[in-house]
Structure formats: C-alpha cells, structure tokens
Protein chains: 2
Amino acid sequence: MTPRTRRRAEALSRDRIVEAAVELLDTSGEAGLTFRTLTERLATGAGAIYWHVANKDELLAAATDGVLATALAADAPGPPRDRVRAVALGLFDAIEGHPWLATQLALQLSRGTVPPRIFETIGRQVRALGVPQGHWFTTTSALVSYLLGAAGQNATNARSAGPHTNRDEFLDAVSSAWEELDPAEYPFTRAVAAELRGHDDREQFLAGVDLVLAGITAVHLPAGPG
Amino acid sequence: MTPRTRRRAEALSRDRIVEAAVELLDTSGEAGLTFRTLTERLATGAGAIYWHVANKDELLAAATDGVLATALAADAPGPPRDRVRAVALGLFDAIEGHPWLATQLALQLSRGTVPPRIFETIGRQVRALGVPQGHWFTTTSALVSYLLGAAGQNATNARSAGPHTNRDEFLDAVSSAWEELDPAEYPFTRAVAAELRGHDDREQFLAGVDLVLAGITAVHLPAGPG
DNA sequence: ACCTGAACACCGTTCAAGT
DNA sequence: ACCTGAACACCGTTCAAGT
C-alpha cells in the first residue's frame with residue numbers, strides 16, 4: 001500500500017526477465033543487452049537474474065524462443081505449400097521487427113540447434129504434402145536450412161531500415177561495390193550487380209521457398225501435386 | 001645474425017596475424033582467440049596487431065576468408081551440378097576441420113554479408129546450368145542460403161567429433177530427447193526422432209543440395225537437363 | 001527461497017611513448 | 001612506419017551476506 005514505482009512492485013520472474021531482455025534487444029540492439037543494463041532496467045542485482053536464468057546464452061535462447069512463439073502462432077489454415085509460405089513470411093516479419101533475431105537464429109544453427117518450433121511447424125507441412133515418411137527428416141531439414149539461411153541474409157534490411165526505409169540507397173551502394181570488383185576474380189558477381197538494384201527481398205525470399213518446394217515436389221512427389 | 005627464436009625473427013604482417021588467428025581458433029576454439037593469446041603467440045603488443053588489422057571483427061572475417069579460399073580452391077571440372085556438389089562438400093569438410101567456421105559464416109550471413117567467394121563460385125554454376133539471366137541472382141542466393149544454413153547445422157558434428165567420432169552417441173542422445181517431447185506440442189518431431197539415429201550428415205547435406213537443384217531445374221529449366 | 005551488490009577475472013581497444 | 005605495453009572502460013559471472 002505504500003507508494004512505489006510500478007516497476008519495483010512487480011515480482012521478479014523468469015518471464016519478466018526475458019521480456020525485459022527482448023525490449024532491450026529491440027531498443028538498443030545486441031550490444032544494448034548486458035547484465036548491467038538489464039539489472040538497471042529491472043532494478044535488481046545481477047545475482048537476482050542469475051537466480052532465474054543460468055547464464056546469458058540461456059537468456060538469449062529464451063528471448064529467441066519467445067519472439068518465435070508469437071511469430072509462428074498465426075498458423076493460418078490452407079494447403080501445405082501456403083502454410084510453409086506463411087511460416088516463411090512470419091519469420092521474415094519477425095526479423096524485421098527484431099533484427100537481433102537473425103543473429104540469434106544463426107548462432108543457434110551454427111551450434112547444431114534448430115529452434116524446435118520451426119522444425120515442428122515446417123515438418124507438419126512436409127508430412128501434409130505427402131512426402132514419404134523415410135524422407136521426412138531430410139526434407140524438413142533442407143527446408144528449414146533454407147529458411148534460416150535466407151532469413152539471416154535479409155537481416156541487413158531490418159537493421160538499415162528506418163520506418164520508410166532507405167533500403168534503395170543501401171542496395172545502390174552494394175550494387176556499386178560489386179560493379180567495382182576485379183573482373184578476373186568476380187565476373188559473375190559483377191554481371192549480377194545490376195539485378196540487385198531495386199529488387200524486393202520479400203519476393204526473393206518467397207521465390208526461394210518456392211524453389212525448394214518445387215524440388216520437394218520433383219524428388220518426393222512424382223505422382224503430381226499433393 | 002644474433003641468435004633469436006624463429007618466431008621473433010619473422011616480421012609481423014597482416015598475413016602472419018591472420019594465420020596465427022586461424023591456428024588459435026583451430027586449436028582452442030572461438031573462446032581461445034583473444035588479443036591476449038594472439039599477442040602472446042606473436043610475441044608483440046596489442047597495438048602492433050591493431051596496426052595491421054582494424055579490429056577483431058575484421059580479423060575474424062579475414063580468417064574466414066582465408067580458410068574459405070583454400071577450401072574452394074579445388075574447383076574440379078565437370079557438369080555444373082557436380083561442381084555445386086563439390087563446393088558443398090568442400091564447405092562441409094572445411095567446417096569439419098575448422099568448427100569455428102560455421103559460427104563465423106552464420107554471423108556474416110546474419111549481417112547480410114554472403115562471403116563473396118561462395119556467391120561467385122555457386123553463381124558461375126547457376127549460369128552454366130542455363131538459368132535465365134533474370135533469375136541468376138535469386139537462384140544463386142537461394143542455393144547459397146541453403147548451403148550456409150545446412151553447413152551451420154552440421155557444425156555440431158565437427159565439434160563433438162574426435163578422430164573417429166562418438167557421433168552415434170550424440171545422435172542417440174538427441175533422438176532420445178526428441179522422443180520425450182510433449183506429444184501434444186511436438187508430434188512431428190517425435191515421429192521423426194527414430195530417423196535421426198544413425199543417419200549420415202554428409203548424405204543428408206548432399207540430398208538437400210539435390211533437392212534445391214531439382215527445384216531449380218523444375219522452375220527455371222523446363223526444357224530438360226542443362 | 002529469493003535478492004543484494006561488491007568483487008573477480010577477464011575482455012577489446014586506445015594511446016603516449018619509443019625505435 | 002612500425003611496435004611496445006600500460007591503462008581504460010567495459011564485460012559475464014560468482015558469492016558472502018542479507019531478508
């Protein structure tokens with residue numbers, strides 16, 4: 001009943017810690033999340049955080065999983081291919097809103113850990129497509145690999161983009177840089193530099209999804225569309 | 001002419017710094033490379049290293065590029081599909097020999113930077129396959145996204161594997177963990193857990209490459225095999 | 001059981017000073 | 001031009017002490 005700040009009144013909990021971590025990551029980037037800033041934000045000591053969370057890696061994993069959970073929750077009905085595209089776009093948008101997510105997903109991938117939520121969500125659609133059970137694992141892995149790899153590549157987007165984006169300037173710069181590469185070493189990259197200008201990341205991302213889906217159809221569904 | 005240690009006799013150079021960084025990463029992992037250990041190894045001060053290299057990020061990028069250069073150098077002749085597979089295996093083996101490479105590639109990806117060597121090498125094969133020029137960029141990006149995503153996933157391998165690997169134990173453990181997941185939340189992952197036991201990462205990696213190649217063929221080469 | 005906050009053992013990076 | 005190495009401003013994590 002004594003007047004206090006609202007912040008101090010809420011009890012410390014794992015959820016509240018993860019929530020605060022996500023806010024800090026969103027607001028000030030990966031460098032903005034330290035035990036110092038988190039401690040300050042939650043008005044506690046470092047030890048209090050370590051009581052609820054093993055270490056920073058676990059905290060980052062929890063933050064990633066939390067954001068992913070809400071991003072993948074919108075599981076619209078429809079044919080499997082459309083649902084795969086929906087997951088892909090969910091991922092794309094989540095990274096746009098939380099640029100640090102790309103790095104985190106990449107780091108988890110490079111440790112051999114695919115976020116289970118993504119694997120499960122995609123896997124169900126692979127099954128629904130009619131891929132034979134013996135190829136479920138391989139097929140799902142391939143699709144997830146593409147999704148996470150491509151999602152990572154689109155992270156720059158999210159970082160360089162303000163509300164209405166100066167994305168075009170960025171693409172111009174990359175394009176120009178590519179055009180100045182050594183013709184002897186990078187002929188292909190130079191040839192493709194012009195294509196880069198004004199392309200739509202979202203479209204390209206989906207085009208890649210469709211490419212992998214077409215491959216799955218060709219290799220595992222010879223009878224026709226599932 | 002005065003007797004000295006061999007190490008001290010060589011002049012410090014960017015190349016020698018990068019070489020030492022790669023050695024440290026190989027020997028003691030990502031945590032093993034610090035400016036302290038590097039300084040000790042090269043018998044200099046920190047400032048000397050900063051004279052040749054802007055910062056740690058640049059050093060890691062240079063180490064990545066160096067290892068990649070030798071890994072992609074074995075550019076065997078043959079039909080484009082085989083050469084794509086060769087690049088894929090080159091990447092796979094490089095990560096096996098340098099586990100830190102997976103993390104580094106993933107980090108670069110999540111910053112929107114595809115290592116130019118990989119993009120160029122794959123792009124040439126995409127062109128050779130007969131993909132129409134308007135789709136070169138998108139197609140190459142998709143293939144590279146898969147390669148780097150999947151390569152990342154296979155990093156655990158390299159880390160947990162001794163000379164003859166206790167890989168099977170590791171797969172057993174993951175498989176068992178998956179089988180204990182909540183059936184309501186992870187039915188697919190549970191169903192696929194058994195498939196995991198005893199599977200071959202290398203084979204799976206290549207199967208994914210073939211999946212994407214099949215997709216490229218289906219979408220962009222309707223006339224037949226390039 | 002949960003929280004405090006000072007202390008510890010590190011980091012990457014800088015910079016005045018040397019040669 | 002290149003190198004030295006102490007100093008700076010940070011980290012993540014621990015832990016004795018409190019409630």
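So that the names make sense, note that chain A is the first sequence line, chain B the second, and so on, each numbered from 1.
A:Pro116 pairs by the side-chain contact (heavy atoms from CB on, under 4.5 Å) definition with B:Tyr186, not counting sequence neighbours. Partners of B:His52 by ring-ring contact (aromatic ring centres under 6.0 Å, His included), not counting sequence neighbours: none found. Taking B:Glu179 as the reference, B:Arg197 meet the side chain to side chain donor-acceptor pair (under 3.5 Å) condition, with sequence neighbours excluded. A:Arg124 is linked by a side chain to side chain donor-acceptor pair (under 3.5 Å) to A:Glu120, counting only residues two or more places apart in sequence or in another chain. In this structure, the side chain to side chain donor-acceptor pair (under 3.5 Å) partners of B:Thr34, at least two apart in sequence or on a different chain, are B:Thr37.
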Self-check item: Derivation and outcome, salt bridge (charged side-chain N to carboxylate O under 4.0 Å, His left out), residues A:Glu180 and A:Arg190
Solution: CA-CA 8 Å; A:Glu180 278 159 29; A:Arg190 279 172 54 97; over 6 Å; no
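Counting only Watson-Crick and G-U wobble pairs whose two key distances fall under 3.5 Å, DNA chain C forms stems of three or more stacked pairs at C:4-8 with D:12-16, C:12-16 with D:4-8.
In this structure, the CD1 atom of B:Ile17 is 11 Å from the C1' atom of D:dC2, given to the nearest Å. Atom pair B:Leu60:CG and C:dG12:P shows a separation of 9 Å (rounding to whole Å applied). Rounding to whole angstrom units, CG of residue A:Leu59 and P of D:dT13 are separated by 10 Å. The distance between atom CG of A:Leu12 and atom C1' of C:dA1, rounded to the nearest whole Å, is 13 Å. Protein atom CD of A:Glu40 is 14 Å distant from nucleotide atom C1' of D:dC10, rounded to whole Å.
A heavy atom lying under 4.0 Å from DNA chain D marks none of the residues of residues 30-37 of chain B. For DNA chain C, the neighbouring residues in residues 49-58 of chain B, judged by any heavy atom under 4.0 Å, are B:Tyr50, B:Asn55, B:Lys56.
Listed by first and then second residue, the side chain to side chain donor-acceptor pair (under 3.5 Å) pairs that reach into residues 55-74 of chain A are A:Arg14-A:Glu58, A:Asp65-A:Arg117, sequence neighbours excluded. Within the structure, the salt bridge (Lys or Arg N to Asp or Glu O under 4.0 Å) test picks out no pair touching residues 100-111 of chain B (sequence neighbours left out). Within the structure, salt bridge (Lys or Arg N to Asp or Glu O under 4.0 Å) contacts touching residues 144-156 of chain B (residues at least two apart or in different chains) do not occur. Pairs engaging residues 83-95 of chain A under the salt bridge (Lys or Arg N to Asp or Glu O under 4.0 Å) rule: A:Asp75-A:Arg83, A:Asp82-A:Arg85, A:Arg85-A:Asp210, A:Asp93-A:Arg202 [sequence neighbours left out].
A distance below 6.0 Å separates the ring centres of A:Phe119 and B:Trp178.
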